[in-house]
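As the structure is a computational prediction, the values presented were derived from the model and not from experiment. Atoms within a ligand are numbered from 1 in the order they appear, just like the ligands themselves.
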Amino acid sequence: MDQGIHETYAGLEGRELLEPLIRDFGGRLAVVSSFGAESAVLLHMVSEVDKSTPIIFLDTGKQFWETLSYRSMLIDRLGLTDVRSIQPDPSDLASADPDGTLHARNHDFCCHIRKTLPLEKALKGFDVVVSGRKRYHGGERRNLTPLTIDGARIKAEPLAGFSALDIELYMATHNLPRHPLTDIGYFSIGCEPCTVQGGSAEDPRAGRWAGTAKTECGIHWTANGRPIQVTAQRLQ
Ligand code: SF4
């Protein structure tokens with residue numbers, strides 16, 4: 001199967017990759033979007049192929065209100081009809097983060113209950129997961145490929161090879177609205193307690209978990225296509 005998938009979609013990226021994937025996998029494909037600084041590009045491509053494609057948004061309970069507002073505006077503007085806002089399990093929050101300050105003590109555990117667990121649950125039944133990560137963001141993203149396969153699920157990154165300039169040009173060409181926080185210096189936008197102004201076109205994620213070694217929330221995939229897991233042991 002792996003070889004066949006790679007041959008079928010060899011050399012494709014951007015909408016050229018997205019379109020056949022949505023056509024071939026239909027309701028078994030989901031897009032994961034943060035509705036962040038560059039999300040409009042992938043969401044616009046999806047809307048041009050099939051507005052009813054399932055789109056999963058992790059509503060961690062710690063988002064900027066501007067992100068929630070931008071999400072609503074983009075949904076309307078692009079005509080997306082199946083955006084699923086998923087939330088952490090209330091029992092996990094009650095037992096692990098009753099006062100909402102876990103992020104200040106243990107980023108990994110907070111991301112685990114607010115992002116990883118809800119996302120894993122939401123992705124059950126989907127064979128293809130699409131996200132909008134890019135190699136130019138650096139770190140472990142530097143080695144992204146448009147497709148990875150773990151035997152059970154295909155992970156697609158149609159924008160893997162896009163540069164900051166490509167994103168800018170696409171936004172301008174399609175007159176896409178910008179996340180309001182980009183106007184005041186946010187290059188990458190996640191949860192409010194863990195995002196600060198800053199970053200640059202060369203290092204757009206510098207404002208995420210600034211001052212710590214953490215660079216990813218743990219909902220993405222290793223090079224062999226498996227979800228990165230935070231184990232219970234690491235969390236103690
Ligand atoms: S980014 Fe911060 S607030 Fe959001 S889930 Fe992770 S640790 Fe918690």
Enumerated ligand 1 atoms positioned under 4.0 Å from heavy atoms of [X]:
X: His107; result: 7 (S)
X: Cys194; result: 1 (S), 2 (Fe), 3 (S), 7 (S)
X: Cys191; result: 1 (S), 3 (S), 4 (Fe)

Problem - All pairs passing ring pair (Phe, Tyr, Trp, His ring centres under 6.0 Å) where residues 36-57 contributes a residue, at least two apart - result: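 Sorted result for residues 36-57: Phe35-Phe57, His44-Tyr170, His44-His174.
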Problem - salt bridge (Lys or Arg N to Asp or Glu O under 4.0 Å) partners of residues 49-73, not counting sequence neighbours, each pair once - result: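 Every candidate salt bridge (Lys or Arg N to Asp or Glu O under 4.0 Å) pair involving residues 49-73 fails, so no pair, neighbours aside, qualifies.
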Practice task
Would you mind telling me if ligand 1 is within reach of the side chain of Glu192, the backbone, both or neither, using heavy atoms under 4.0 Å?
Solution key: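 It is neither; nothing of Glu192 touches ligand 1.
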Exercise for the section: Please determine, by modelled atom types, if Glu157 and Ser131 share a side-chain donor-acceptor pair under 3.5 angstrom. Expected result: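 Their side chains do contain a donor-acceptor pair, which is all the 3.5 Å distance test asks for.
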Practice task
May I ask you to check whether Tyr136 and Asp166 show a side-chain donor-acceptor distance below 3.5 Å?
Solution key: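 Asp166 and Tyr136 do not have a side-chain donor-acceptor pair below 3.5 Å.
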Problem - In one Ile/Leu/Val/Met/Phe/Trp/Tyr side-chain cluster, 4.5 Å: Val31, Leu17 - result: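 Val31 and Leu17: one cluster.
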Problem - Under 2.8 Å: N/O/S of Cys110 next to atom 8 (Fe) of ligand 1 - result: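 Yes, within the cut-off.
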Exercise for the section: Please state whether the separation between atom 4 (Fe) of ligand 1 and some N/O/S atom of Cys111 is under 2.8 Å? Expected result: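 Here the distance criterion (N, O or S atom, under 2.8 Å) is not met by Cys111, so no.
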